[in-house]
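Everything on this sheet refers to the single structure shown next.
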Amino acid sequence: MKTLFALLAGLSVTFAVAQDVESLDPSGQTVMFWHQHSTERLEALDAIIDDFNETNEYGITVQQEYQGGYGDIFQKMLPILNTSSAPNLVVGYQNQAATYAIGDGMTDLTPFVESERWGLTDEEKADFFPGFYAADVFPSFDNQRFGFPPNRSMEVMYYNADWLAELADAGAISFDGPPTSPEQFREAACAATDTPFSGALADASLGYKLSTDASRFASWTFAFGGDVYDYEADRYAYDAPEAVEAMTYLQDLFEDGCADFVTERYGDQTDFGQGTLLFTVGSSSGLPYYDSAVSEGAGFEWSVAPLPRTTEDPVMNVYGASVSIPTGHSPEADLATWLFVKHYTSPEAQATWAKASNYFPVRQSVADGLSDYFAENEAYATAFELLPFGTTEPPVPGYDFVRDNVEADMAAIMDGDDVTRVLATLTSESNLILDDQLSAME
């Protein structure tokens with residue numbers, strides 16, 4: 001079988017033509033930015049935008065609009081791809097950018113990044129964490145750059161340290177500290193279900209609540225040593241032995257009453273703060289919200305750790321949306337948009353953004369200057385140290401549509417459906433979606 005990349009390399013996709021960016025004039029342009037940020041993050045974003053609007057020498061004005069979550073933005077973008085109705089700048093994951101690119105909806109940022117007049121110096125490029133910097137360059141689209149990273153985060157296990165200590169002192173579990181293996185996680189989750197936390201603010205008691213989500217599926221599969229995508233064959237692999245093992249493990253936790261579903265948005269975070277839930281798994285970007293939930297709730301010691309694993313080293317699901325420049329606008333407007341992106345990812349703006357958002361910075365010089373922040377936020381520092389063990393979910397077009405199927409099938413499995421049969425069907429359907437996406441490029 002031809003590989004995905006080999007196949008795509010031969011397709012006659014109409015790419016955006018590189019502009020002579022050196023001679024462009026971005027003066028007076030207005031840039032509309034669609035994003036998903038709210039509350040404190042929106043305040044920080046507004047501050048970064050205000051600084052750019054007040055200091056750029058070209059009279060460029062950036063305006064921002066909250067457009068809902070990532071899924072909302074993705075659905076809004078599809079019908080307006082490659083039209084002037086598209087925003088100048090949009091937040092999105094790599095797989096979403098790939099889907100947009102199929103519809104000729106993405107601008108290649110390479111000419112701007114590499115421009116002697118408008119781009120980044122070699123020193124500035126080297127300041128970005130290499131994995132983050134390279135994530136938005138798409139081999140499947142002739143190595144065009146369809147995004148630029150302003151932040152990253154990872155999936156971690158949140159745990160109630162005081163409750164674990166109580167369980168250990170009572171002899172209910174056989175280890176100290178956070179669990180490192182699936183067996184220890186199961187031992188603690190089931191013990192917590194039977195032995196409520198002394199500081200809990202409610203009568204309920206449970207080990208773990210699962211969000212049925214494709215990222216959670218991937219994280220658990222990574223922890224069991226597998227992957228949801230076979231990069232050699234360029235096919236989805238939801239029926240790989242490690243994925244089957246991971247889902248069977250979770251199904252057993254449900255059947256034994258040691259785990260349950262998250263039934264409302266952030267419900268696991270609320271229960272964790274109340275001291276009625278021992279473990280959750282979620283994005284490190286949620287750290288400040290967990291801190292608030294605990295400090296305003298049961299007030300216990302807590303932290304984060306890698307998911308319990310069968311591998312020697314942790315395998316962390318590192319992800320993060322980038323910002324992309326949709327097609328449909330003038331080269332001058334695209335350049336003005338890039339100049340804002342350059343400002344947004346500058347060390348000064350990154351320091352502001354990392355502290356306000358609790359995302360990880362994408363530039364090493366920013367991380368070097370966060371020692372005080374690390375000291376004040378131990379859980380953030382713990383998660384940051386796990387970045388070298390990061391891996392990613394498949395950056396292929398159509399993954400958003402696959403994610404919807406994963407969510408439904410995870411729920412079916414936890415409700416008792418046959419793991420092997422469900423994942424075989426999920427794999428087959430996911431590869432049909434992939435094939436359909438690829439055929440649209442021909």
Open item on the list: Show every salt bridge (Lys or Arg N to Asp or Glu O under 4.0 Å) that has at least one partner inside residues 51-62, sequence neighbours left out.
Closed with: none
Open item on the list: Quick check: closest heavy atoms across Pro308 and Ala223, and the distance to 0.1 Å?
Closed with: O-CB, 3.3 Å
Open item on the list: When you compare the side chains of His35 and Gln64, does any donor N or O come within less than 3.5 Å of an acceptor on the partner?
Closed with: yes
Open item on the list: Is any side-chain heavy atom of Phe222 closer than 4.5 Å to one of Asp227?
Closed with: yes
Open item on the list: In the structure I gave you, are the side-chain heavy atoms of Val281 and Tyr208 within less than 4.5 Å of one another anywhere?
Closed with: yes
TODO: Can you run down the salt bridge (Lys or Arg N to Asp or Glu O under 4.0 Å) pairs that involve residues 282-299, sequence neighbours left out, and say none if there aren't any?
DONE: none
Task: Side-chain donor/acceptor of His37 to backbone N/O of Ala44, under 3.5 Å - done: no
Open item on the list: Quick check: closest heavy atoms across Gly119 and Glu124, and the distance to 0.1 Å?
Closed with: O-OE1, 4.2 Å
Open item on the list: Using every non-hydrogen atom in the two residues, find where Thr107 and Asp334 come nearest and quote the distance to one decimal.
Closed with: OG1-OD2, 4.0 Å
Task: Student check: side-chain heavy atoms of Ser324 and Tyr100 closer than 4.5 Å - done: no
TODO: May I have all residue pairs that pass side-chain hydrogen bond (donor to acceptor under 3.5 Å, both in side chains) and include part of residues 78-87, sequence neighbours excluded?
DONE: Asn82-Thr327
TODO: Keeping the roles fixed (side chain from Gln144, backbone from Phe138), state whether a donor-acceptor pair exists under 3.5 Å.
DONE: no
Task: Interatomic distance, Asp260 atom CG to Leu253 atom CG [nearest 0.5 angstrom] - done: 11.5 Å
TODO: Taking the side chain as every heavy atom from C-beta outward, state whether Lys342 and Leu120 have any pair of such atoms under 4.5 Å apart.
DONE: yes
TODO: Any pair with a residue in residues 262-284 that passes salt bridge (Lys or Arg N to Asp or Glu O under 4.0 Å), sequence neighbours left out, goes on the list, sorted by first then second residue, please.
DONE: Lys209-Asp271
TODO: With rounding to the nearest 0.5 Å, note down the distance linking OH in Tyr66 to CG in Leu42.
DONE: 10.0 Å
Task: Stepwise side-chain contact (heavy atoms from CB on, under 4.5 Å) check, Gln269 with Thr280 - done: CA-CA 7 Å; Gln269 180 179 295; Thr280 75; over 6 Å; no
TODO: Verify the distance criterion only: is there a donor paired with an acceptor across the side chains of Gln96 and Asp400 at less than 3.5 Å?
DONE: yes
Open item on the list: Would you say CZ of Phe401 has more than 12 non-hydrogen atoms from neighbouring residues, nucleotides or ligands within 6.0 angstrom?
Closed with: yes
- [ ] Examine Phe384 together with Phe360 and report whether their ring centres are nearer than 6.0 Å.
- [x] yes
TODO: Return the orientation label for the Phe217 and Tyr238 ring planes: parallel under 30°, perpendicular over 60°, tilted otherwise.
DONE: perpendicular
- [ ] Without swapping roles, check the side chain of Ser439 against the backbone of Asp436 for a donor-acceptor pair under 3.5 Å.
- [x] yes
Open item on the list: Between Tyr229 and Tyr231 (judged by ring centroids, cut-off 6.0 Å), do the two rings come close enough to count as a pair?
Closed with: yes
- [ ] Mind jotting down which residue pairs meet the side-chain hydrogen bond (donor to acceptor under 3.5 Å, both in side chains) criterion with at least one end in residues 425-434? Sequence neighbours excluded, please.
- [x] Asp239-Thr427
Task: Pairs satisfying side-chain hydrogen bond (donor to acceptor under 3.5 Å, both in side chains), at least one member in residues 354-365, at least two apart - done: Arg41-Tyr359, Asp127-Arg363, Asp127-Ser365, Asn358-Tyr373
Task: Trp34: ring pair (Phe, Tyr, Trp, His ring centres under 6.0 Å) partners, not counting sequence neighbours - done: none
TODO: Taking the side chain as every heavy atom from C-beta outward, state whether Tyr158 and Phe279 have any pair of such atoms under 4.5 Å apart.
DONE: no
- [ ] Check for a donor-acceptor pair, side chain of Gln350 on one end and backbone N or O of Pro150 on the other, with a separation under 3.5 Å.
- [x] yes
- [ ] Using modelled atom types only, decide if a donor and an acceptor are shared between the side chain of Asp230 and the backbone of Asp234 within a distance under 3.5 Å.
- [x] no
Open item on the list: Counting C-beta onward and ignoring hydrogens, is there a side-chain heavy-atom pair between Phe148 and Thr345 closer than 4.5 Å?
Closed with: yes
Open item on the list: My understanding is that only residues two or more places apart in sequence, or in another chain, count here; which of them pass salt bridge (charged side-chain N to carboxylate O under 4.0 Å, His left out) with Lys125?
Closed with: Glu114, Asp122
TODO: Measure the spacing between CD of Gln437 and CD1 of Ile102 and express it to the nearest 0.5 Å.
DONE: 4.5 Å
Open item on the list: Using side-chain hydrogen bond (donor to acceptor under 3.5 Å, both in side chains), reason through Asp213 and Ser211 one step at a time and then give a plain yes or no.
Closed with: CA-CA 6 Å; Asp213 177 86; Ser211 293; over 6 Å; no
Open item on the list: Using modelled atom types and a 3.5 Å cut-off, is there a donor and acceptor pairing between side-chain atoms of Asn88 and backbone atoms of Met32?
Closed with: yes
- [ ] Output all residues satisfying ring pair (Phe, Tyr, Trp, His ring centres under 6.0 Å) with Phe272, sequence neighbours left out; order by chain, then residue number.
- [x] Tyr290, Phe300
Open item on the list: Would you call the rings of Phe132 and Phe129 parallel, tilted or perpendicular, taking 30° and 60° as the class edges?
Closed with: perpendicular
Task: Residues that Ser153 engages under side-chain hydrogen bond (donor to acceptor under 3.5 Å, both in side chains), provided they are two or more places apart - done: Ser283
Task: Flag for Gln184-Thr180: side-chain donor and acceptor within less than 3.5 Å - done: yes
Open item on the list: Quiz question: by atom type and distance under 3.5 Å, do the side chains of Ser215 and Glu393 form a donor-acceptor pair?
Closed with: yes
- [ ] Using distance alone, with no hydrogens and no angle criterion, decide if Gln63 and Thr30 have a side-chain donor and acceptor under 3.5 Å apart.
- [x] no
Task: Contacts of type ring pair (Phe, Tyr, Trp, His ring centres under 6.0 Å), residue Tyr344, not counting sequence neighbours - done: Phe340, Trp353
TODO: Answer yes if the side chains of Thr311 and Asp313 hold a donor-acceptor pair under 3.5 Å, and no otherwise.
DONE: no
Open item on the list: With heavy-atom distances below 4.5 Å as the criterion, would you say the side chains of Arg309 and Phe224 are in contact?
Closed with: no
Open item on the list: Does any part of the side chain of Met410, heavy atoms only, come nearer than 4.5 Å to the side chain of Ile413, both counted from C-beta?
Closed with: no
Open item on the list: Suppose the criterion is salt bridge (Lys or Arg N to Asp or Glu O under 4.0 Å): which pairs have a residue in residues 145-154, not counting sequence neighbours?
Closed with: Asp136-Arg152
Task: Under 3.5 Å side-chain donor-acceptor pair for Ser27 and Asp25 - done: yes
